[in-house]
Participant: 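The structure is given below, and queries will be raised subsequently.
Bear in mind the structure is a predicted one, so any value in this text is a computation, not a measurement. Order of the sequence lines sets the chain letters (A, B, ...), proteins ahead of strands, with each chain counted from 1.
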Protein chains: 2
Amino acid sequence: MPAPQHVANDAEIAPVAALIADPTRAAMLTALLDGRALAAGELARLAGVSAATASAHLSRLLDGGLVTVVRQGRHRYYRLSGPDIAEVLEVLARISPRPAVRGLTQSRQARRLEEARTCYDHLAGRAGVRLLGALLDGDHLDERADAYELTPAGEETLEALGVDVPAARRARRRFAPPCLDWTERTPHLGGALGAAVTAALIERGWFERTREPRALRVTPEGRRGLEEHFTGRMARE
Amino acid sequence: MPAPQHVANDAEIAPVAALIADPTRAAMLTALLDGRALAAGELARLAGVSAATASAHLSRLLDGGLVTVVRQGRHRYYRLSGPDIAEVLEVLARISPRPAVRGLTQSRQARRLEEARTCYDHLAGRAGVRLLGALLDGDHLDERADAYELTPAGEETLEALGVDVPAARRARRRFAPPCLDWTERTPHLGGALGAAVTAALIERGWFERTREPRALRVTPEGRRGLEEHFTGRMARE
DNA sequence: AACATCCTTCGGCCAGCATCGAAGCGTGAA
DNA sequence: TTCACGCTTCGATGCTGGCCGAAGGATGTT
């Protein structure tokens, strides 16, 4: 039962925005975008601040409900508190200026991140874009006005790969929305289905996480398997 | 200060978030959520700051690309620079805490805003929720996994009301997504179709804008017309 | 022309907060 | 127990940025 007067009925977005507005906190949140939990020390290192500073920031993010924490031994693992938070970060990134190009050469890291990465919990980057292309080409997926829908054939194929499609449909989340990639400027498959497919591909050993957060690598078996199941378009360079 | 390297390729979301993070600017942006252009002075009054302060804020919002400005005589009209910006605000509002209840009585304003309001450029509030219900009940709209689709009957009905459906389909925007109402906690019709329908209803004189931003009122003709076209469910109190 | 209105710019004031080192607390290892 | 490690708390410091009144431009009105 809400009731403020002049700004009538709005939620107070400023405090939440303020949590994201600090560069250090933004770096931490972005580092958590892949949905994994990272230790406080690791986040401090990634953001380039002292442990004390990081702790203060994480405490504020915790208060604001943007992250949750799990204690494990003497470590404390922080993670985004849900897909909603990731969505905010993604939408925000979409309207944010691209970082200035610092030099002509891209780092190896940056290139690998472009190749295959996760976007909170689903496959993104070039691999994500190609996967979506392959699914559409193979008539596994239909393009609707502003989302995708599985064809019967697609449902069968994905089930065979170990994707629990009915569970994805039941999820309290958009089922198969396009998710605009901010490195590729092209959509990839997001939502519950995107997450389920990605989980299955990793489970199957076709992709594996590398040391850096959000980066993925196609394994040799993955290359073969994708070739078989998806007309080869996915596995080609 | 050591630039963190892993976040290499990300857009820099912190500066944009910082623009939204100030309560005064957030109030201004929220006031612009209905898509209309407001004069600088009006925004100052709404946000409760002096003209000088408002000017500084608007200048920063302008630099950040969140708003655009149109000079007209001695007035300067500011508006959100696009639906993307509105989307960010909406998504942010969704994860933001509801404002504390200040008293038991709701102001007339608040009640009217709940009744019918616009959400950037489409109908929201109770009227928006009821419109969506009526469209679904009357088989004008089909519910898909995470969006809606017009039935042939619905397309005909809306065209008859003056809605340019093909134009809405061509728009570079989701066609008919559900938009979660943050006052009603229920979806209403958003996207290009939502905007087109709303524009048509206002054009037709069935709804009219009131003095306060984002508030709408059903006219008597509107009540009659909606009764006729939509099984009466829409027009009933 | 002279005035009123709307808005911006300037200068100065003050609060908030990001930052760090050092110290404190809890956990796991020797 | 004692040490090592990870993290948080404390206290102090410095800077960013929001705020206003007054003055300055620009535009429309009389």
Participant: Please give, in whole Å, the distance from D:dT16 P to B:Asp22 CG?
Facilitator: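 Between P of D:dT16 and CG of B:Asp22: 17 Å.
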Participant: Roughly, in whole Å, what's the span from CG in A:Leu61 to C1' in D:dT8?
Facilitator: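 Rounded to whole Å, this separation is 15 Å.
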Participant: A:His57 pairs by side-chain contact (heavy atoms from CB on, under 4.5 Å) with which of A:Leu43, A:Leu29, A:Val67, A:Asp22?
Facilitator: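 Exactly one candidate clears the test, A:Asp22.
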Participant: To check you understand the geometry: which heavy-atom pair defines the closest contact between A:Leu161 and A:Arg204, and what is its length?
Facilitator: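 Looking at all heavy atoms of both residues, the shortest contact is O-NH1, 3.2 Å.
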Participant: Would you kindly give the OH-to-P distance between B:Tyr77 and D:dT27, to the nearest whole Å?
Facilitator: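 Answer to the nearest Å: 15 Å.
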Participant: Base, sugar-phosphate or nothing for B:Ala40? Non-hydrogen atoms, less than 4.0 Å.
Facilitator: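 Sugar-phosphate: the residue B:Ala40, judged by heavy atoms under 4.0 Å, touches backbone atoms but no base.
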Participant: Do the non-hydrogen side-chain atoms of A:Leu32 and A:Ile85 ever get within less than 4.5 Å of each other?
Facilitator: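 Of all side-chain heavy-atom pairs linking A:Ile85 with A:Leu32, none is under 4.5 Å.
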Participant: Can you tell me the distance, in whole Å, between the CG atom of B:Leu58 and the P atom of D:dG17?
Facilitator: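 Atom CG in B:Leu58 sits about 17 Å away from atom P in D:dG17.
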Participant: What nucleic acid atoms does A:Ala52 come within less than 4.0 Å of, heavy atoms only: base, sugar-phosphate, or nothing?
Facilitator: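 Since a base atom lies under 4.0 Å of A:Ala52, the category is base.
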Participant: Would you check if the side chain of A:Ser81 reaches a backbone N or O of A:Gly65 as a donor-acceptor pair within less than 3.5 Å?
Facilitator: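 Yes, the answer is positive, given that a donor and an acceptor are paired below the 3.5 Å cut-off.
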Participant: Would you say B:Glu221 has more than 12 foreign heavy atoms packed within less than 6.0 Å of its CD?
Facilitator: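 Atom CD in B:Glu221 is packed in, count exceeds 12.
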Participant: Is there a side-chain polar atom (N or O) of B:Arg25 under 4.0 Å from OP1 or OP2 of D:dG18?
Facilitator: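 True: B:Arg25 side-chain N/O within range (under 4.0 Å) of D:dG18 OP1/OP2.
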Participant: Using whole Å, what does the distance between atom C1' of nucleotide D:dT30 and atom CZ of B:Arg74 come to?
Facilitator: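 Value for this atom pair: 12 Å.
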Participant: Which listed nucleotide (D:dT27, D:dC19, D:dT8) is nearest to the side chain of A:Tyr78?
Facilitator: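 Of D:dT27, D:dC19, D:dT8, D:dT8 is nearest to the side chain of A:Tyr78.
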Participant: Counting only side-chain N and O atoms of B:Ser50, is one of them less than 4.0 Å from OP1 or OP2 of D:dC20?
Facilitator: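 So the side chain of B:Ser50 is within the cut-off, an N or O lying under 4.0 Å from OP1 or OP2 of D:dC20.
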Participant: Below 4.0 Å from chain B heavy atoms, what is the first contacting nucleotide of DNA chain C and what is the last?
Facilitator: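 Footprint of chain B along DNA chain C, 5' to 3': C:dA4 to C:dT9.
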Participant: Quickly work out the A:Arg60 CZ to D:dT9 P distance and round it to whole Å.
Facilitator: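 In whole Å, D:dT9 P lies 14 Å from A:Arg60 CZ.
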Participant: Under 4.0 Å between any heavy atoms, over every strand shown, what does A:Ala44 touch: base, sugar-phosphate, or nothing? Just pick one.
Facilitator: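 If one applies the 4.0 Å heavy-atom cut-off, A:Ala44 turns out to touch nothing in the nucleic acid.
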Participant: Within the structure shown, what part of the strands sits under 4.0 Å from A:Ala39 by heavy-atom distance: base, sugar-phosphate, or nothing?
Facilitator: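 Contact class for A:Ala39: sugar-phosphate only.
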Participant: Mind calculating the distance between NE2 (A:His57) and C1' (D:dT9) to the nearest angstrom?
Facilitator: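 Nearest whole value for this atom pair: 15 Å.
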Participant: Rounded to whole angstrom units, what separation is found between the CG atom of B:Asp63 and the P atom of D:dG17?
Facilitator: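 Rounded to the whole Å, the gap is 13 Å.
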Participant: For the side chain of B:Arg25 and the backbone of B:Ala18, is there at least one donor-acceptor N/O pair under 3.5 Å apart?
Facilitator: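 Yes.
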Participant: Regarding A:Ser59, tell me which of base, sugar-phosphate or nothing describes its non-hydrogen contacts under 4.0 Å with the strands shown.
Facilitator: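 Answer is nothing: A:Ser59 stays at 4.0 Å or more from every strand.
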Participant: Hey, is the side chain of B:Thr24 poking within less than 4.0 Å of OP1 or OP2 on D:dG18, counting only N and O atoms?
Facilitator: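 For D:dG18, neither OP1 nor OP2 has a side-chain N or O of B:Thr24 closer than 4.0 Å.
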Participant: What's the shortest heavy-atom distance between A:Phe207 and A:Val218, and which atoms?
Facilitator: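 Heavy-atom minimum between the residues: CE2-CG2, 3.6 Å.
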